[in-house]
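These notes are about the structure you will find just below.
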Amino acid sequence: MKFLSTFKISKGFDRWLQLVDDLQPYMDEYGYKMFFALTNDDETVIFDLNENEDQKKAMKMFNSSELINMRKETGIDL
């Protein structure tokens with residue numbers, strides 16, 4: 001299933017890109033793929049196109065406390 005995510009960030013696109021690199025092992029483990037991402041001009045909103053094979057696995061990944069903390073530290077408005 002492919003889906004478009006939109007969310008607010010506060011620490012800029014470069015910091016968010018670093019998070020994506022940090023999340024890669026988790027993404028591989030849970031079958032989550034990101035195809036592309038872009039931001040608005042002031043880098044406060046991210047738009048990304050993703051795919052996963054199993055929605056339950058993806059939700060398990062994003063609901064883990066470790067990943068929640070990583071995302072918060074990056075400035076993502078959860």
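A donor-acceptor contact closer than 3.5 angstrom links the side chains of Glu66 and Tyr26. Thr44 and Asn40 form a side-chain donor-acceptor contact under 3.5 Å, judged by distance and modelled atom types alone. At a cut-off of 3.5 Å, with distance as the only test, a side-chain donor of Asn50 or Ser5 sits close to an acceptor on the other residue.
For the pair Lys11 (side chain) and Glu73 (backbone), a donor-acceptor distance under 3.5 Å is present. Checked by atom type and distance alone, the side chain of Thr74 pairs as donor or acceptor with a backbone atom of Met70 at under 3.5 Å.
There is a path of hydrophobic side-chain contacts, each under 4.5 Å, that joins Phe3 to Val20. Both Tyr32 and Phe7 are members of a single hydrophobic cluster when ILVMFWY side chains are connected at heavy-atom separations under 4.5 Å.
Considering CE of Met34 and CG of Leu23, their distance stands at 7.5 Å, rounded to 0.5 Å. Atoms CG and NZ, from Leu19 and Lys72 in turn, are 14.0 Å apart once rounded to the nearest 0.5 Å.
Across all non-hydrogen atoms, the minimal contact from Phe62 to Ile68 is O-CG1, 3.5 Å. The minimum heavy-atom distance linking Lys57 with Glu29 is given by the pair NZ-O, 4.0 Å.
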Query raised in the report: Do Val45 and Ile9 pass the side-chain contact (heavy atoms from CB on, under 4.5 Å) test, and can you show the C-alpha distance, the side-chain angles, and the key distance before you say yes or no?
Result: CA-CA 6 Å; Val45 178; Ile9 60 170; over 6 Å; no

Requested in this report: For Lys2 and Phe35, run side-chain contact (heavy atoms from CB on, under 4.5 Å): C-alpha distance rounded to whole Å, both residues' side-chain angles, the deciding distance at 0.1 Å, then the answer.
Outcome: CA-CA 10 Å; Lys2 290 182 180 154; Phe35 293 101; 3.9 Å; yes

Report task. Apply the test side-chain contact (heavy atoms from CB on, under 4.5 Å) to residues Lys33 and Met27: give CA-CA distance (whole Å), side-chain angles for both, the deciding distance (0.1 Å), then the verdict. Result -> CA-CA 7 Å; Lys33 298 176 187 175; Met27 293 166 60; over 6 Å; no

Requested in this report: I would like to know whether Leu4 and Asp48 meet side-chain contact (heavy atoms from CB on, under 4.5 Å); could you show each step before the answer?
Outcome: CA-CA 6 Å; Leu4 178 66; Asp48 61 6; 5.6 Å; no

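By the side chain to side chain contact (heavy atoms under 4.5 Å, CB included) test, Gln18 pairs with Arg15, Asp21, Asp22, sequence neighbours left out. In terms of the side chain to side chain contact (heavy atoms under 4.5 Å, CB included) criterion, residue partners of Leu38 (sequence neighbours excluded) are, by chain and number, Phe36, Phe47. Residues that satisfy the side chain to side chain contact (heavy atoms under 4.5 Å, CB included) test with Phe13, not counting sequence neighbours, are Trp16, Leu17, Ala37, Thr39, Glu43, Ile46.
In this structure the side chain of Lys8 never reaches within 4.5 angstrom of the side chain of Ile76, judged on heavy atoms. The shortest side-chain heavy-atom distance between Met1 and Gln55 falls under the 4.5 Å cut-off.
Remark: Glu53 CD is loosely packed, at most 12 non-hydrogen atoms of other residues, nucleotides or ligands lying under 6.0 Å away.
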